[in-house]
Amino acid sequence: MFDREKAIKQWRKKLMKNASMEDGYIEEMESHLRDVIEDKIKLGMIDEQAFIASIKEMGYADPIGREYHKTDTRQPRFMPELFWNYVKVAMRRIKREKGYTSVNTAGLAIGMACTILIFLWVQHQRSFDRFHENRDKICRVYYTNEAFEGSAIYLPGPLTDYLKNNYPEIIGATNYKHWKRKVAVGDKSYLSTGSYVDPSFFAMFTFPFIKGNPQTALDNPNSIVITEDLAAKFFGDDDPLGKTISYYVFSQKIDLEVTGVIQNVPQNSHLQFDFLIPYEIGYDWMKTWNNNSGWIYVMLNPNSSYRELGEKISGVLQIHRPESADVLHLQPLEKIHLFAPRGVGQIVYVYIFSIMALIVLMIACVNFMNLSTARSEKRCKEIGIKKIVGSSRAQLIRQFLTESIVMAFMALMIALLLVQVVLPSINAMLGTQLELNLTVKFILALMAIVLFTGIIAGSYPAFYLSAIRPVAIIKGQVSFRSIFKSTAKGKTSDSIKGASLRKILVVTQFTLSIFFVICVVVIHQQLDYIRNRDLGFDKDHIVVVESMGELKQRNQIVKNELLQFPEIQGVTYGAYSPFDWESAASTIAMSWTGKTTELEFGIGENYVDYDYASTLGLEMVQGRFLSDDFPTDASEGCIINEAAVKAMDMENPIGKKIIWHPGTQRESSRTIVGVVRDFNTQSLHREIKPFVLMPIEPMSQGMSNYLYIKLGSETISKSISLIGAKIRELVPNDPFVHYFLDEEMNKLYSVEQLTGNLTRYVSFLAIFISCLGLLALASFSVERRTKEIGIRKVLGSSVSQIIFMLIKDFTKWVMLANIFAWPLAYFVLTKWLANFAFRIGIQWWIFLLAGTTALFIAMVVVSYQTIRAATANPVKALRYE
Amino acid sequence: MISKALVAASTKPMILSILIGGENYGYQIIQKVKELSGGRLEWSDGMLYPVLHRLEKDGFIRSQWKTSDGGRLRKYYKLTDKGREELEKERKQWLSVHEALSKLWKPIPV
């Protein structure tokens, strides 16, 4: 007889065998089954038939169980509880392994801080002139000249209007001619940078007005627009609009009315000025085609390309200056700061610094990864247990990544703190106003770095270690090494992979460190060479006073008065600053005996006082210097330098004549009375150019822009105050502007100086971080080999043998790093030195020195751990076996 | 017969739609499906329960054990607000499929 209850019980048992079935599930299904059976019986089926049909309709236990299993084991994508657990575990580990954590985070933090700083600087450099609304439409006009092999940006004033009137593509154009001039209100006077500009200046450039109307501000020829700083200096809190400012063109005073106050010019503008005045009131010569005046900017209509227009205007100068070989070009505003019109420009340093930043970050990341992976090998047991308790591989991966990301994040926090701390001194060093602006973009970039470092550093333990078979670890005292040997299928085990990965990382770090050390030494040598090179004149203890206004006219009197002081050894003056190559002329309009048409080149001209050579210590190679003992010198004498003799192709230059503008009304000639030894008037990046010196008197008294005063070496500060007092006494209305010639010359190499300093810091950091890494790695490797060392000692190894064994490995990798670093450094430095016309050779011993230094430092770092391990009592290491 | 894939895809909207008429238990749900589809939609009875379990875990339905008049324990399912929203989403999806297919299958003019 069929027993329904018994049959149902059996059916239940069958279901219960399936591991995924819970009691409740079966209960529910049973209730269902009973309903079905009852319905079937109602339809007339007999008991047994109904039961069999019903369980068939219900389906098999296995597929149902599988469905339940799928639902029950489904995990949410993100489990917040677990995430906090990861963070907690990470924090706990960080606390437990303080030494390791601090070494690791410190390394990364320093690297990040350095990168952030460089990044800030790069960002500053790249931000130049970006604040102008019309930035993509404005171009600066410049010209190149094949005879000069150079380019220049000073152009004749009328070109501005010519371009605007003849080229429909140009919708705006302005001149920009700036000078440092005296401005005064009442008894307050300042030496400020001001510029002559056209009224359309404000329609082109974005310099926001605080007061006044930008459209009309410069319409009136007697107007002046000043910055808020200058306004505050003169007027304090009073409204400056409508007030009068006296503007001095030398001793001539012009009264101007303030028609506008603009915000201070941002630091990242290549146009720097304190006030603007209409171009109209400039000198007459600024409005002629024959003289180069200031810079010219044009604004293009948005649809035209500056390249096409640049080609169209290239020959414009020849229309008004038929003899000129200058070719016009256009340079977009945004490129002015970073790109030189010809050659490369500042951008090179942006690249160099960016690369350095990346390298430092890379070293730090590599270090971080290295330590993390080395450390993680100790965690096999943890991983094994976790897997047994039920962690999935994905969970382990997540845990490891969280850990390394948490550490990287900590490093970032420390890095930001570091940046805040050192930023003021960096700003002082660079003369910039960099700020740590936490913009969204910047934070995103930082987070990207954190994630990148964290993920890369965590990926090795996350992906390799999480694949370990837990049984292997738990079963016996299997070491990390053998686990991988037993599980790896191929011949190269994963452990070897991990170890060689670390070795590659160490070699990379040391390669970069050695590279930097070599760079530091070579850059230092080159800068030293520049500073101490015999420039052909004596730049030490010379004070340069910029003559404005009255001082220009009274130079001779000032000179005689100053010479009364015993502290002052000499005084002279000249028309151009010794660095100014912009005053160069071309030999196209010159002639001399034996000149051929091939001899076209740029030649510098300067007008100087008779004591110029003696004060600046110029040496005569032939003949004599200009002197008032020879009255004809004033109008007929001139001096050339050796470079000029060579360029002019003269055998016996003394007594030969140079003729300017031959065959024209302006023809004039001078006789060469002496040849001066070449002296560097330019930065040592360039060759010495040909030069002509002519007496400043009497034709050009007003041109003496610079007063040079030679001081005794002991009484410098006293002499400066004497000079200041005397000049104020003689020309009370003029500001006293002075600087030391050698300091000014050093400024020519400020970028090199910066590069030198930066490389020094970077190399120090690189070595420091690398050593941190090496230290941790050494201690790790010693720790791992404790037993091996114990056994070796028991079997009779001496301490020195063990030390040798341990150090051998590291030495090998540092040596290998040398092999990579040397050619790299040689290549890069040769390129860098090629920038200098006067340069040192790279000496072989620098390479050796860098290599030995790195090796020595590595040894010192490793030896502490090693010696401790080697001298330890082997019993301690082996006791637990 | 309706293909397995389509059956699987339609279980969710089907169950949710049935439950919109009030709480119900497994057996009745199955009966209703059979009735509505005229037997063409064939479910294996047992497979309904894991699906109900999943819908409950997702929060679309809520269950409660109740004793029926006949003294039998039954698990009753009820639609939640979240389930109502889900049903609306499903409905829109099915309707747009339906609409597209209907347009395609317009009787071809001879």
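All chains are named by letter (A, B, ...) in the order of the sequence lines, taking the proteins before the strands, and each is independently numbered beginning at 1. In this text the structure is predicted, and so the values were computed from the model without any measurement.
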Which region of B:I30, side chain (C-beta onward) or backbone (N, CA, C, O), has a non-hydrogen atom less than 4.5 Å from a non-hydrogen atom of chain A, or is it both or neither?
-> side chain
Determine, using ring centers only, whether B:Y49 and A:H32 are less than 6.0 Å apart.
-> yes
Of all the heavy-atom pairs spanning A:I64 and B:G46, show the shortest one and how long it is.
-> CD1-CA, 3.5 Å
Check whether more than 12 heavy atoms from other residues, nucleotides or ligands sit under 6.0 Å from atom OH of A:Y60, and answer yes or no.
-> no
Is atom OH of B:Y76 surrounded by more than 12 heavy atoms (other residues, nucleotides or ligands) closer than 6.0 Å?
-> yes
Any idea which heavy atoms bring B:P50 and A:E67 closest together, and the distance?
-> CB-CB, 3.3 Å
Could you go step by step and tell me if B:R74 and A:E27 meet the salt bridge (charged side-chain N to carboxylate O under 4.0 Å, His left out) rule?
-> CA-CA 9 Å; B:R74 277 182 183 136; A:E27 204 81 46; over 6 Å; no
Over 12 foreign heavy atoms within 6.0 Å of CZ, A:F452 | no
Inspect the surroundings of NZ in B:K66 and state if more than 12 heavy atoms from other residues, nucleotides or ligands are less than 6.0 Å away.
-> yes
Greater than 12 external heavy atoms within 6.0 Å of A:M413's CE | yes
Side chain, backbone, both or neither: which part of A:E22 has a non-hydrogen atom closer than 4.5 Å to chain B?
-> neither
A:R66 versus chain B, the contacting section by heavy-atom distance below 4.5 Å | neither
Greater than 12 external heavy atoms within 6.0 Å of A:K386's NZ | yes
Looking at side-chain heavy atoms only, is the closest gap between A:M58 and B:M47 below 4.5 Å?
-> no
Give the C-alpha distance, both sets of side-chain angles, the deciding distance and a yes or no for side-chain contact (heavy atoms from CB on, under 4.5 Å) between B:R54 and A:Y68.
-> CA-CA 8 Å; B:R54 167 166 296 203; A:Y68 270 120; over 6 Å; no
Under 4.5 Å from a heavy atom of chain B, the part of A:Y25 involved | side chain
By a 4.5 Å heavy-atom criterion (distance strictly below it), what part of A:E30 contacts chain B: side chain, backbone, both, or neither?
-> neither
Got a second to check how far A:D35's CG is from B:D45's CG, nearest 0.5 Å?
-> 10.5 Å
Given B:Q31, B:H53, B:K75, the one with more heavy-atom pairs under 4.5 angstrom with chain A than any other is B:H53
Verify, without hydrogens or angle tests, whether A:S31 (side chain) and B:L73 (backbone) share a donor-acceptor contact under 3.5 angstrom.
-> yes
Does the distance from a Lys or Arg side-chain N to an Asp or Glu carboxylate O, for B:K34 and A:E57, drop under 4.0 Å?
-> yes
